[in-house]
Amino acid sequence: MSVIEQIKTSVAKAINQLYSIEVLDKDILLNTTKPEFEGDYTVVLFSFVKQLKKDPEALGNELGNYLLANNNNLFAEYNIIKGFFNLTISNKIWLHFLQEQSNNKSYGVALPTGNKVMVEYASPNTNKPLHLGHLRNIFLGWSIAEILKSNGNEVVKTCIVNDRGIHICKSMIAWKMFANGATPESTNTKGDHFVGDYYVKFNEVYKQQVDELIAKGMDEKQAEANAPIMKDTQQMLLDWEAGKPDVIGLWKKMNSWVYTGFDETYQKIGSDFDKTYYESNTYLLGKSLVEKGLEKNVFYKKEDGSVWIDLTQDGLDEKIVQRKDGTSVYITQDIGLAEQRYNEYKANESIYVIGDEQNYHMKVLKLICQKLQLPSADGIYHLSYGMVELPTGKMKSREGTVVDADDLIEEMINISKQKTEELGKVNDFSETELKELYNMIGLGALKFFLLRVDPKKKMIFNPEESIDFHGFTAPFIQYTHARIKSILRKNEVDNIINDTGLLKLEKEVIKQLELFPTALLEAAQEHDPSKLAIYIFNVAQLFNSFYAQHSIAQAENENKKNLRLHIAQLTAQVIKTGMKNLGIDVPERM
RNA sequence: GGUCCGGUAGCUCAGCUGAAUAGAGCAACAGCCUUCUAAGCUGUGGGUCAUUGGUUUGAAUCCAAUCCGGAUCACCA
């Protein structure tokens, strides 16, 4: 049980005993004590002062005496300032904690709970390469999966590839018209970029044709509908749906180019999936559910034969779930896929990492699943994240104003190379070791940059200002780790910690380390890796202050040295495990 | 127009289940390497927490209204 939980339980019990009122653990408002006051944790008494009509001073003293008398292992002393009841935890608790955990490689990781969670993320289109927005999505998905695993959940990572539809046909048409048979190999281009170039090409030509038609006197709408290249594309979609061999062949070929490109990127950033679904296989799903919904009167049929659901009672609108020609719409596919995934994996929770422009859609999806009483319905959680925008506005792949994922990754790695070379601390590294280190630092910086902020907030990325390597960043944390490792390489740790008392900073670091499982749990509960990122940063920052003030190797005596080595060891461990949960590796040297 | 999200230091962001003098990082300025890795540490300056009103012993935090920015409300996906 964490120290915080112990305090809450003790205080709640004390109040129950002393005043016979019903107080639960969660009613205890507990903060870390502000540095300018004496103590470790502070209970805010005001609500009890009011309830019990007692003077805070008197209440605090009665409580303090009771706590000291009945929990003498936990509390060392207390003081009361206004309504703030400051508790000092006894050093024995901290030392015991350190002794128990400093050698525990899996500190913070919970035992299996039997809970199963699916995390869906990435979900790219196969007509263009990945961009910065995808990276935010992928890093978030990966990280939340890791965090859930650390909290004892079994996790299935999944991806739904958007591999069909008009946008795919656009690239295909443009390739047919302009490529003269070129391939990624023949042009030495990464497959997803190769296909993406034709998507851009399509839009150029399309725009030109529309302009021409407008110049000939057509209005804009008509022009857009009548541009020859668009008509060809629509025909191609029909041919695809009809299964015309040459179209299907081209579709398969171009998609395979894209997948090869994606795989390269996924491998580079260290991401993978346990199961990939393809929309070309799932887009017809959900039909049986429409039937079921009609039977249950969840859905209703309009005169023209289209099927709808009325969500106005729930504050939403009417939504179509099946077209009059009997084909599924997007949301129906999603319902069908939700059912299919549940049948395959029986996960009781399903997290969708999808941008916040789909908030409404996801709300509707969950609601419909609930109304259909699908077993997966209540477990649906939309991990919504804000768009990544440029200072000039939104990224638009159609217009080519995107921050390309591969370019950005390469740039980050180059910067880390350059900085590492400037510092010259690892000149003895081999080529492979160096490459690994540059990747670790460059990708770490990028991942941390995207994960350290609240997912639901949109973020602005300025390509002109490169991502920082100082302060609240991954390299700062990685550096702290490397520095500790350097000390641990040079000094023997004795297993037994002797009680020599704790200096302020020694205790502060231990206190912070003790919060690790709490931070991991909070990140999981709130589906928010930024909580963990901030926690790890605080650990590193606090350790660095400690490090600057107190020598470890040259400590005042052997016992102090050993104590500090244990602190250093556990700090390194927490950083390593914590960063792993963000998908970031941490070097032994840098 | 309805719904949802956001507005905190020059910049990027924490804090938002109410509680002590609103915190970090970056940038600026001033210090600290003959001692464990200076990608570090210490300090200084920098705030009408969008605005107004309300609830409360106490509001950045809760409520209401207003202003600003964004998303969404497709027989697109």
Side-chain angles (χ1 to χ4, degrees), chain A residues 26 29 31 33-34 36-37 42 44-47 49-50 81-84 86 123 125 162 164-168 279 283 302 304-308 311 315-325 327-331 333-334 355-361 363-364 384 386-387 389 393-394 416 419-420 422-423 425-426 441 445 449 452-454 456-462 465 468-480 482-491 530-531 533-534 537-538 540-541 543-555 561 564-565 568 589-590:
Chain A
K26 65 171 176 56
L29 178 56
N31 298 323
T33 304
K34 300 227 166 197
E36 55 270 35
F37 301 100
T42 298
V44 183
L45 292 179
F46 291 106
S47 62
V49 167
K50 196 174 173 185
I81 298 165
K82 292 194 260 174
F84 300 96
N86 302 320
S123 309
N125 291 350
N162 197 337
R164 64 167 286 277
I166 191 89
H167 49 288
I168 313 293
E279 216 185 276
Y283 81 109
K302 283 197 178 174
D304 66 358
S306 58
V307 181
W308 295 72
L311 297 171
L316 305 173
D317 307 89
E318 291 190 342
K319 291 291 285 190
I320 188 162
V321 294
Q322 190 176 77
R323 297 187 188 101
K324 61 174 179 253
D325 62 7
T327 55
S328 293
V329 294
Y330 179 48
I331 193 131
Q333 300 167 30
D334 270 359
D356 63 4
E357 78 274 13
Q358 300 217 34
N359 284 354
Y360 182 81
H361 172 79
K363 211 166 159 181
V364 171
S384 164
M387 295 288 102
E389 294 180 7
K394 286 185 83 170
S416 74
K419 301 225 174 193
T420 306
E422 275 168 25
L423 291 166
K425 293 179 185 178
V426 287
I441 299 172
F449 178 82
R452 69 181 192 180
V453 298
D454 187 339
K456 71 170 179 286
K457 289 200 176 179
K458 76 168 184 216
M459 57 192 302
I460 294 170
F461 175 75
N462 190 345
E465 300 165 17
D468 225 304
F469 281 59
H470 301 272
F472 185 23
T473 65
F476 168 87
I477 295 165
Q478 290 169 322
Y479 174 73
T480 307
R483 200 151 69 160
I484 294 171
K485 284 300 179 151
S486 165
I487 297 170
L488 293 175
R489 256 178 263 122
K490 292 174 191 162
N491 296 279
S530 76
K531 293 275 189 309
I534 292 165
F537 172 65
N538 287 334
Q541 203 180 30
F543 181 86
N544 282 330
S545 296
F546 160 73
Y547 173 94
Q549 198 137 344
H550 305 293
S551 176
I552 296 170
Q554 312 297 323
K561 177 176 169 181
R564 290 178 192 166
L565 283 169
R589 284 179 60 193
M590 70 184 274

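Naming: A, B, ... by sequence-line order, numbering from 1 per chain.
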Centroid distance under 5.5 Å and plane angle under 30°, [X] vs [N]:
| X | N | value |
| --- | --- | --- |
| A:Phe37 | B:A20 | yes |
| A:Phe46 | B:A19 | yes |
| A:Tyr547 | B:C36 | yes |
| A:Phe537 | B:A24 | no |

What's the base orientation of B:C33: syn (chi within 90° of 0) or anti? syn
Within the structure shown, what part of the strands sits under 4.0 Å from [X] by heavy-atom distance: base, sugar-phosphate, or nothing?
| X | result |
| --- | --- |
| A:Ser551 | base |
| A:Thr42 | base |
| A:Glu279 | sugar-phosphate |

Expressed as a whole number of Å, how far does the [atom1] atom of [N] sit from that of [M]?
| N | M | atom1 | result |
| --- | --- | --- | --- |
| B:U42 | B:U66 | P | 47 Å |
| B:U56 | B:U51 | P | 23 Å |
| B:A27 | B:G1 | C1' | 43 Å |
| B:A24 | B:G15 | C1' | 10 Å |

Answer yes or no: are there more than 12 heavy-atom neighbours, outside A:Lys324 itself, under 6.0 Å from its atom NZ? no
Heavy atoms from other residues, nucleotides or ligands near NZ of A:Lys456 exceed 12 (cutoff 6.0 Å): no
Proximal nucleotide (of [options]) relative to the [X] side chain:
| X | options | result |
| --- | --- | --- |
| A:Tyr479 | B:A38, B:U42, B:A20 | B:A38 |
| A:Tyr330 | B:U3, B:A14, B:A77 | B:A77 |
| A:Tyr360 | B:C36, B:C5, B:C73 | B:C73 |

Using the rule given for side-chain contact (heavy atoms from CB on, under 4.5 Å), can you reason through A:Arg564 versus A:Ile487, listing the C-alpha separation, both sets of side-chain angles and the distance that settles it, and then say yes or no? CA-CA 11 Å; A:Arg564 290 178 192 166; A:Ile487 297 170; over 6 Å; no
So, is the end of the A:Arg164 side chain (NZ or CZ) under 6.0 Å from the ring centre of A:Tyr283 and within 45° of the ring's axis? yes
Taking atom [atom2] of [N] as reference, at what distance in whole Å does atom [atom1] of [X] sit?
| X | N | atom1 | atom2 | value |
| --- | --- | --- | --- | --- |
| A:Leu488 | B:U37 | CG | P | 11 Å |
| A:Lys456 | B:C13 | NZ | P | 13 Å |
| A:Asp317 | B:C75 | CG | P | 11 Å |

